[in-house]
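What follows is one structure encoded as structure tokens, with my remarks underneath.
In listed order, ligands and their atoms are each counted from 1.
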Amino acid sequence: MTETIPRPHGGVAGAGAVAAADPGNSLLLCAPMGIEARALRRGLRDSPNPPSVLRTGYGTTRAVRQAERLSHRPFGQLMIMGVGGGLTTDLRVGDLVVGTEVGAVTCPSAPLLAGELRRAGLAARTGRITTVDHLTRRPQRAALAADGALLVDMESAPLAAAADGRPVAVIRAVSDTPHHPLAGIVSGGLAALRSLRAAAPVAERWAAACGTRRVLLAGPRSFCAGVERAIEIVERVLQRQGAPVYVRKQIVHNTRVVGDLTRRGAVFVDELDQVPDGATVVFSAHGVSPAVRAEASRRGLAVIDATCPLVSKVHAEARRFAADGYTVALIGHAGHEEVEGTLGEAPGSTVLVQTAADVAALRPRDPERIAYLMQTTLSVDEAADVAGALRERFPSVRAPGSDDICYATTNRQAAVRAVAAESDLVLVAGSANSSNSVRLVETCERAGTPAHLIDGASDIQLDWLAGTSTIGLTAGASAPPAVVTEIISALSGLGGLSVSERTTTTESIRFGLPKEVRQ
Ligand code: SF4
């Protein structure tokens, strides 16, 4: 996939472009009314090189005329900022609406801007902005809202069209709402103008992040077989039994997945005492200890086990080694649900080791009978270091029959390493509590490439992007593929974007479903 934006226009510097060396590569800020333009200039007071702020005139007729003039004016990026009428009842005066579609123009970078505005402490939403050629009254506003618009104004659509393929964004501050239709520019407008002023520096950061770049996708990325299976189990139970369906812990460590299933009727609980007697409970992909299974049985709960088969394999190894009289050194991270579950299989015989220093402190019952196991989502390199320390101190140490770090973790780390080598920055889609996603960030950092963990496009900080020409992109095993699509779309709004993939291996593993949810 390759998009190309037209080269910035050449020509003379626009009014107000104080020190911009090349107006053809610079931000042009359009504000319909004088008070809006003044609010923006005040907001940019501390900027060493403020962008041009152009007062374009009130109303659709002036906007159309100004759009025609803009076709002869050099600029690199176009942003339209002003006040507007909120159309939905959940909007408040002073809230900011970042346009995803403005008339016929799409603004893909809207989620990036909205996220940056929220981090600046402003209330910001993304949505459709519609432009009309007259003042609107309540019935028409209700009709516009019913049609899916979030905000109405009288200028944005023709002005946005003047971007003509260059990066464009629209930010409107709500000056009146269905609850306060008469607030208008005089009273409600003051709050809106304050928000506009505070948003102006964000417009500058957006422009600095704009540019032509390429995205390198790591392959494989995103969902693994264990995560797909766990999600499908909850979906099937919801289908069969209806809501609510209780799930102990997050089914997989991803806020999008959990949010989506919650909306569909799943209830995520920390412990079984939050599940009503006799109800059905799903155990998460990370596994549980035998003590949790026993408690579920004592309570008469119907259990459906979504533990990943590769986690179950580690549990079985722990039981086997312990039964054979071995001390089991479990290489993993304290507090992770998977580790707690595995430790619970043989608590008297298993010791958690996180580092080589932990290995040095080990006091096994019999140094000749020691074995090690690993959490499935560890960093391959770090785990190898700890396993090496174990082998050095206990030459007869027993290793697991096959690798405990699962295929999905290993493959995603190898793939992101390949991408990091070519990238200025790597974005890792995944949630903060996702072990395998965090390991992907660490893998990049160890390779010398900065990397950031993001739940979605709105988490991308604009200053990460400034000056980058190649961005690596991957997703942890629990992050949905749709998040990757969303991130690419948002980046495409910052300028021409080419997307290619570096595939280090392909995956075809699938796991069967438990009998309770099979057809
Ligand atoms: S990351 Fe590995 S262990 Fe975890 S659910 Fe996926 S396949 Fe299973």
Side-chain angles (χ1 to χ4, degrees), residues 218-236 247-258 261 268 282-289 304-318 330-333 335-345 372-383 400-417 428-443 453 474-481 483-484 504-514 517:
R221 62 183 174 278
S222 195
F223 282 173
C224 61
V227 164
E228 281 179 344
R229 175 179 180 270
I231 294 169
E232 189 175 351
I233 289 170
V234 178
E235 288 173 338
R236 285 187 175 221
V247 183
R248 184 184 177 275
K249 308 286 185 186
Q250 293 190 347
I251 185 71
V252 299
H253 286 157
N254 187 268
T255 53
R256 294 285 182 101
V257 172
V258 169
L261 290 173
F268 294 93
V282 179
F283 288 158
S284 80
H286 306 103
V288 298
S289 69
I304 301 176
D305 192 357
T307 303
C308 176
L310 300 182
V311 174
S312 299
K313 167 191 155 283
V314 181
H315 283 224
E317 288 168 332
L330 176 62
I331 305 173
H333 292 292
H336 191 276
E337 283 152 36
E338 180 188 325
V339 165
E340 285 173 358
T342 310
L343 284 171
E345 287 289 352
Y372 72 83
L373 299 174
M374 291 178 184
Q375 184 182 337
T376 56
T377 50
L378 292 182
S379 149
V380 172
D381 296 338
E382 263 182 51
S402 58
D403 282 351
D404 285 337
I405 298 181
C406 77
Y407 78 97
T409 300
T410 308
N411 290 347
R412 280 153 190 68
Q413 287 175 20
V416 84
R417 205 176 290 118
V428 178
S431 294
N433 62 344
S434 162
S435 171
N436 80 84
S437 303
V438 172
R439 303 290 88 78
L440 293 175
V441 172
E442 292 170 357
T443 301
L453 186 65
T474 187
S478 48
V483 179
V484 173
T504 50
T505 189
T506 53
E507 296 174 344
S508 56
I509 292 178
R510 299 275 305 165
F511 296 131
L513 293 167
V517 294

State, yes or no, whether a side-chain contact exists between T504 and P220 at a heavy-atom distance under 4.5 Å.
yes

Check this for me: does any side-chain nitrogen of one of R229 and E232 sit under 4.0 Å from a carboxylate oxygen of the other?
no

Please state whether the rings of H286 and H336 are parallel, tilted or perpendicular, taking 30° and 60° as the class boundaries.
perpendicular

Keeping to distances under 2.8 Å, can you name the protein N/O/S atoms close to atom 2 (Fe) of ligand 1?
C406 SG

Go through the structure and list residues passing salt bridge (Lys or Arg N to Asp or Glu O under 4.0 Å) with E235, not counting sequence neighbours.
R264

T377 side chain near R439 side chain, heavy-atom distance below 4.5 Å
no

4.5 Å side-chain heavy-atom contact, P514 and I233:
yes

